[in-house]
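These notes are about the structure you will find just below.
Reminder, nothing fancy here: chain letters follow the sequence lines and each chain counts from 1.
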Number of protein chains: 2
Amino acid sequence: MVNLRRFFQPRKIAIIGASRNPNKVGHVIMKNVIDGRFIGEIVPVNPKADYILNRKVYPSILKVKDEIDLAIISVPSKFVLKTVEECNRKKIKDVLIVTAGFSEIGKVELEKKLRVYLDKNKMRCIGVNCLGVYDSHNNLDTLFLPRYRLRRPEPGPIAFVCQSGAVGSAVMDKATEEGHKFSKFISYGNATNIDESDIIDFLGNDEKTKVICLYVEGVDDGDKFFETVRRVSKNKPIIALKGGLTEEGMKSTVSHTGTLAGKKEVYLGVFNQTGVIRADSLEEMFTIASLIEKEIKFKGNKLQVITNGGGYGIVSTDNISEAKNIDMADLTAATKKTLRKIFPDTINIENPLDLLGDATTERYRLAIEACSNDKNVDGIFLIALYQTPLLTTDIVEVISEAHKSTKKPIIVVSTGGEFTEILSESLEENGLPVFEYPKEAVIAIDKIIWWEKKRKTL
Amino acid sequence: MVNLRRFFQPRKIAIIGASRNPNKVGHVIMKNVIDGRFIGEIVPVNPKADYILNRKVYPSILKVKDEIDLAIISVPSKFVLKTVEECNRKKIKDVLIVTAGFSEIGKVELEKKLRVYLDKNKMRCIGVNCLGVYDSHNNLDTLFLPRYRLRRPEPGPIAFVCQSGAVGSAVMDKATEEGHKFSKFISYGNATNIDESDIIDFLGNDEKTKVICLYVEGVDDGDKFFETVRRVSKNKPIIALKGGLTEEGMKSTVSHTGTLAGKKEVYLGVFNQTGVIRADSLEEMFTIASLIEKEIKFKGNKLQVITNGGGYGIVSTDNISEAKNIDMADLTAATKKTLRKIFPDTINIENPLDLLGDATTERYRLAIEACSNDKNVDGIFLIALYQTPLLTTDIVEVISEAHKSTKKPIIVVSTGGEFTEILSESLEENGLPVFEYPKEAVIAIDKIIWWEKKRKTL
């Protein structure tokens, strides 16, 4: 395994190409490292400046006396190799190169020379043509996008490995807004020396990371990828979206990250064999991840639907029936008898269990209790539509209490505006996964259950 | 065509079963009619009250002297038929019955008797077991859900016809939060007398309605439905989600709205033949509708992708390539030459056109201008990721100006948190459709273009 620790826990960082101009990448990176409250030391390097952001600037990395753990390089592409050579002379073996202008614009030879040098000198390089890394647990923010435009996530269990910087930043920005929490974000661009497999391998052993989300355009070393993701998938779910699956999409990957995308069937086959969960869209990645975020584990695949909206029960039943890895539960006769006794005649005791539009909070409590004690039920698909007047806000406590007292997962679906959002947020804070619509919830459950089964065969 | 005008533009409404108890449906309805600023007169009927919400109460509808256009009935199910008979004697031919407890709980005979009476006396009835109607243009709100839990939408072009009250209210609540605007919302429950076809027929002629969204569980009169939706689809798109498509989902429809759902293949076949756009999920309904909301019309199916995120370009290209009714445009040699001249070498002139992470607002302006003047381009799929620092906020004006000056549709995709949301809202206000992710945008375009083609064959 390639040790990437210094990329996330450096004590001293050199920023080579640091700039006084706020529009320059070398300035934004330095500002973000500072604003991100990096606990170590920052050493800016630039031959043409004395001070940047109140810090003394060195004219060359060779003039720095202290030991440096990580060099962030944002000099123009033609100076990158020379800068890397200097880093090597200074015994800096870990370099993060954000500079673009290599194979992605046809300069294959320039990148090859760089790769050969890095490999030969046993250096580790993230990049080139990348956005940088972000580590929420270690307060390290090397991303070159302004913090007011791209909100940084709070510490949490998701690691996001992203070949494309723009995909990474846009999707993480939105996911952060939605409340997802991240351990690390790594944009690795052209994968000149360290590739997706090295990063996944490292994250497989990272305690803070419980789930790995991956956006990948092309894999150069297929065997390494296969071996790595299979090994990591045994213990940690990897949720992947492959960019360039179609012939037309594939053509564009060359000019983006300099990689050839490869056949759809090959990728999907590899994902399937190695237990990698396939996301069908960008938005799906974190929807699936949210079940792991909330530490949801299914022991079986039979779901009981409880709802106060008949139509929602029906749509959910449709979705569950169409999913490959989940089934509708069949309540035991004993549970049915219990429920028949306590509920009015207008309620049909079946699956979905429709508590009707006049459902009270108490009705929910009784239904959840009875169903989660039923041996035929592996998880509860709980639809709570707060538009109906008799559902009091202490439904939050009722669901949260049930979540604490039962080992069976409760997955909540609530659709609505502001009133609904407030209650959903409270539930999320109490550890429950809440989805906005039945379909996305079913997809997430279906894929996580698939992985739980698959991992045992790896 | 059944004339439903009085359900939406009544001058005088009787509320039979009005109540002083704020927890009762008959109270909530009356309060909402008042709070909704109904411009006509409200006549509460209840034998046990003198005044409700400061209005004089009549002990029986027969005691009311004035002419009544519409009676809203929320008395217990066993009194419904008697109440309807009284309405008929009072010459009220339009009744909205929210009361539940008919065929959906097995009381098929009770509902049949009611139906026979309604039909025989040429009365029109929306319900039973429904949530009511809402008309934003006429300030009529008969829904029995509190307004603080269910936000009412602003006047706009979407009519939402919904067999299930819970689906209707939850989904409309969320859609309103997202900024969608509605002409009418009609929950029709068991369709005892007026069914989905009657409502769709009426909405087909409603000037305020530009698109009809439909959630349906079961259709009793298949021939009537086929004939109606085919006729209406010629001029107005109908976007439909069928609840109970799977065998297990179907079973539940009987106990929900008392209807038998019918085979999946039959429904999808009918939708396909009659030009009804099929929504695959609740959330998809309004995503598709938003293109009609913004009056987007495609003259052809070739899209040019413009992006500042390479990965987004690739993912969008994948999505477009997989869609059945859209293709990637191929810029003319002249356009390519123009763009080659004005853009730096690092930009590849192709489709997707990646303006790169250092894209400026001016670069977007030039790209949109050149592409929308290209005869090979029918629409622009514009990805704008605002996380990058050089994209200034006047991008909103640039895109809005282009939208005004070109007849070709511009579809915007922007993913992100607060900063992004503010810019997206501005664009929406200027008439542009904005989506959060490429896939949902592609699905909407694909389905609308399918309908544009299909309608010509109807």
Between [options], which shows the greatest number of heavy-atom pairs under 4.5 Å with chain A?
| options | result |
| --- | --- |
| B:Thr420, B:Asn308, B:Val171, B:Asp345 | B:Val171 |
| B:Ala175, B:Pro438, B:Ala170 | B:Ala170 |
| B:Glu322, B:Lys439, B:Glu283 | B:Glu283 |
| B:Gly417, B:Ser316, B:Gly101 | B:Gly417 |
| B:Val315, B:Leu385, B:Asp280, B:Leu282 | B:Leu282 |
| B:Glu177, B:Gln387, B:Met328 | B:Gln387 |

Contact class of A:Leu143 relative to chain B, heavy atoms under 4.5 angstrom: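 Neither the backbone nor the side chain of A:Leu143 comes within 4.5 Å of chain B.
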
A:Thr176 portion near chain B, given a 4.5 angstrom heavy-atom threshold: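 Neither part, no heavy atoms under 4.5 Å.
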
Donor-acceptor pair between A:Asp354 and A:Thr307 side chains, under 3.5 angstrom: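 No.
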
Expected output: side-chain A:Ser187 to main-chain A:Cys130 donor-acceptor under 3.5 Å: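 Flag not set: sc A:Ser187 to bb A:Cys130 has no pair under 3.5 Å.
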
Toward chain A, the part of B:Ser169 with a non-hydrogen atom under 4.5 Å: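 It is both, since atoms from each part get that close.
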
Atom group of B:Leu391 that falls short of 4.5 Å from chain A, counting heavy atoms: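 The answer is both parts of B:Leu391.
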
Crowding at CD, B:Glu247 (>12 non-hydrogen neighbours, <6.0 Å):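 Not buried by this count: 12 neighbours or fewer within 6.0 Å.
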
Most contacts with chain B, counted as non-hydrogen pairs under 4.5 angstrom, among A:Glu178, A:Glu421, A:Glu440: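 Counting heavy-atom pairs under 4.5 Å, the top option is A:Glu421.
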
Salt-bridge present (B:Arg151, B:Asp173; N to O < 4.0 Å):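 No, B:Arg151 and B:Asp173 are not salt-bridged.
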
Centroid-centroid distance, B:Phe286 to B:Phe182, less than 6.0 Å: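 B:Phe286 vs B:Phe182: aromatic centres under 6.0 Å.
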
